[in-house]
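The structure appears right after this line, and notes come after that.
All of these numbers come straight from a predicted model, not from anything done at the bench.
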Amino acid sequence: MSVRTGIIGCGKVGQIHTEALRALECSEFVAVCDANLSRAEKFASDYGVAAFDNLDEMFSNSGVEAVMVCTPHPLHEEPTVAAAKAGVHVLIEKPMASSLESCDRMLQATRDGNVKLGIVSQRRLFEPVQRMKRAIDAGKIGHPVLGTFHMYSWRDQAYYESDPWRGRWDTEGGGVLVNQSPHQLDLLQWFMGEIEEITGVWSNLNHPYIEVEDTALAIVRFKSGALGNIVTSLSQKPGIDTTVHVHGSNGASVGVMTDKGASFVAGVSEIADPPLNDVWTIPGEEHLLAEFEQEDRAHFANINATLYYHQLQIEDFLKAIQEDRDPLVTGEEGRRVVEMFTAIYRSNDERKPVKFPLT
Ligand SMILES: NC(=O)c1ccc[n+]([C@@H]2O[C@H](COP(=O)([O-])OP(=O)(O)OC[C@H]3O[C@@H](n4cnc5c(N)ncnc54)[C@H](O)[C@@H]3O)[C@@H](O)[C@H]2O)c1
């Protein structure tokens, strides 16, 4: 039996979700909703589904059982809470929200409505990331003692002007931390474990035409005693260079270059270069790095990476409904990313380390 699915937010990432929902056997794609009816109608006529500009009408009239929330970040809450009240399962685009209060309301509503809640973090499904996670969990680096996430990337003025909600505190909720960094913040905490405290700073270095930060730095102390470092920036032209590295108590390191080459903007450009392990110094496995690269390049040549990993995560979410289990990334895990960037903003404001859990 397939799950009757729909999309809320017919924009750039909504297009990727649509293609995934049409391709998956476990999905019967039935409806789309957008505050802008003409956008919903365009999707509806392209894909032969029902169009709505009103959430309650969509939930009452389309028979939809699961929705993908693809609206701008501060607007994830309203459709999620409405879906939960209607008994509809929800997979939300990253980040879960732009505030912890919003996360908590969504968690409560989905618990009350007894529906599944998942958060998109499709880079967890990259082969080099899965390989790292398996090696860490198998104890091949001892235990993680140092984790780093670095991103050097760029967005131009045209990008910020492409949608009215970008680059503003009230409509985007933040800058590079909230929009471009959630994937790697998620990977860092997934690999390293629970956080004890964060010290952070942010600034807008090269984008005078936006309000929000284009650069943030942080030092993380994990509960295990491990340390972490974050440098994430949209101030370097051209292209993108993004890595997450984990160093272990036996001196061995594993790492992934999650994004490389031309900047990828969903719905605007395609992922041009494969994600690859760029560090692998597990004793006796050093020679595998070249094999991994060959394997990952061959796989990348056979998939549409822009769609493939979203499709895998959406499939996992629909199967979680069918099998009545947790999805790959739960709402509680999505909230951890929001806690991380909230801590960096708060630490910058208060000029001191911020203890977890945040109050
Ligand atoms: N996982 C990824 O790799 C990835 C990539 C890109 C974007 N995203 C996330 O997807 C979300 C959307 O980004 P986008 O680039 O597609 O934005 P977008 O502006 O292209 O699309 C957003 C759509 O939501 C609609 N909308 C706004 N308010 C609404 C409401 N209240 N009800 C219904 N529809 C509403 C807009 O009309 C628009 O069509 C963001 O949270 C972003 O972070 C994730």
Side-chain angles (χ1 to χ4, degrees), residues 73-74 76-77 92 94-111 117 119 121 123-124 133 136-137 141-151 169-170 172-204 211-233 242-249 326 329-359:
H73 330 131
H76 290 173
E77 180 182 337
I92 310 177
K94 52 60 41 183
M96 180 174 176
S98 50
S99 78
L100 285 170
E101 294 78 3
S102 188
C103 292
D104 289 339
R105 288 189 290 267
M106 288 190 268
L107 284 164
Q108 190 61 50
T110 49
R111 263 185 234 121
L117 173 62
I119 313 299
S121 188
R123 280 168 179 74
R124 280 200 192 190
K133 180 69 174 156
I136 294 167
D137 288 352
I141 63 167
H143 54 268
V145 292
L146 178 64
T148 65
F149 152 38
H150 290 174
M151 178 173 82
W169 289 107
D170 59 345
E172 185 164 5
V176 64
L177 280 170
V178 171
N179 195 330
Q180 285 79 22
S181 308
H183 294 282
Q184 289 78 16
L185 294 176
D186 178 52
L187 294 185
L188 192 66
Q189 66 83 29
W190 195 44
F191 293 144
M192 298 295 298
E194 283 188 71
I195 294 173
E196 185 180 314
E197 66 174 31
I198 285 188
T199 309
V201 292
W202 62 263
S203 186
N204 180 333
E211 290 175 6
V212 294
E213 85 287 355
D214 65 7
T215 301
L217 279 66
I219 295 166
V220 186
R221 190 183 290 280
F222 294 91
K223 281 199 176 144
S224 65
L227 300 178
N229 173 252
I230 295 167
V231 178
T232 182
S233 182
T242 307
T243 60
V244 180
H245 289 174
V246 180
H247 309 274
S249 56
D326 278 344
V329 185
T330 61
E332 284 78 8
E333 287 177 281
R335 186 188 185 281
R336 283 187 205 151
V337 170
V338 179
E339 193 170 25
M340 288 171 87
F341 63 65
T342 303
I344 297 173
Y345 289 132
R346 196 177 290 179
S347 173
N348 181 86
D349 288 351
E350 297 176 357
R351 294 182 177 256
K352 61 178 192 193
V354 169
K355 295 267 179 221
F356 278 52
L358 269 64
T359 48

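- In this structure, OG1 on T199 lies 10.5 Å from CD1 on I230, to the nearest 0.5 angstrom.
- Here salt bridge (Lys or Arg N to Asp or Glu O under 4.0 Å) pairs that include residues 221-231, with residues two or more places apart or in two chains, are E194-K223, E197-R221.
- No option in T243, D186, V231, L185 other than L185 meets the side chain to side chain contact (heavy atoms under 4.5 Å, CB included) test with F149.
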Would you sort out whether R335 and D104 count as a side-chain contact (heavy atoms from CB on, under 4.5 Å), showing the intermediate values?
CA-CA 8 Å; R335 186 188 185 281; D104 289 339; 2.7 Å; yes

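- Annotation: the span from S102 atom OG to E77 atom CD amounts to 3.5 Å, rounded to 0.5 Å.
- What you find for I344 and A218 is that their closest heavy atoms are CD1-CB, 3.8 Å.
- Between M96 and L107, some side-chain heavy-atom pair lies under the 4.5 Å cut-off.
- Atom CZ of residue F222 and atom CD of residue Q189 lie 8.5 Å apart, to the nearest 0.5 angstrom.
- Put simply, the side chain of T232 never gets that close to the backbone of A216: no donor and acceptor are under 3.5 Å apart.
- Between V212 and N204 the shortest heavy-atom distance is O-ND2, 3.2 Å.
- The shortest side-chain heavy-atom distance between D214 and V176 does not fall under the 4.5 Å cut-off.
- The shortest heavy-atom contact between A226 and L146 is CB-N, 4.5 Å.
- Taking CG from D170 and CD from E211, the interatomic distance works out to 6.5 Å, rounded to the nearest 0.5 Å.
- Here F341 contributes atom CZ and S98 contributes atom OG; the two are 6.5 Å apart, rounded to the nearest 0.5 Å.
- Contact check for R124 versus V329: side-chain heavy atoms found under the 4.5 Å cut-off.
- At distances below 3.5 Å, at least one donor-acceptor pair connects side-chain atoms of E339 with backbone N or O atoms of L358.
- Evaluation of the side chain to side chain donor-acceptor pair (under 3.5 Å) test over residues 343-352, restricted to residues two or more places apart or in two chains, returns E213-Y345.
- The backbone N or O of P95 sits less than 3.5 Å from a side-chain atom of H76, completing a donor-acceptor pair.
- When every heavy atom of I198 is checked against every heavy atom of A343, the shortest pair comes out as CB-CB, 4.1 Å.
- Within the 4.5 Å cutoff, no side-chain heavy atoms of L117 are placed close to those of R111.
- When all heavy atoms are compared, the tightest approach of I136 to P144 is CG2-CG, 3.8 Å.
- Looking at heavy atoms from C-beta onward, I219 lies out of side-chain contact with L227 at the 4.5 angstrom threshold.
- Between K94 and S121 the shortest side-chain heavy-atom distance does not fall below 4.5 Å.
- In this structure, I92 CD1 and T110 OG1 are separated by 7.5 Å, a value rounded to the nearest 0.5 Å.
- Taking 4.5 Å as the limit, some side-chain heavy atom of H150 sits within range of a side-chain heavy atom of N229.
- For E333 (side chain) and T330 (main-chain N/O), a donor-acceptor pair under 3.5 Å exists by modelled atom type.
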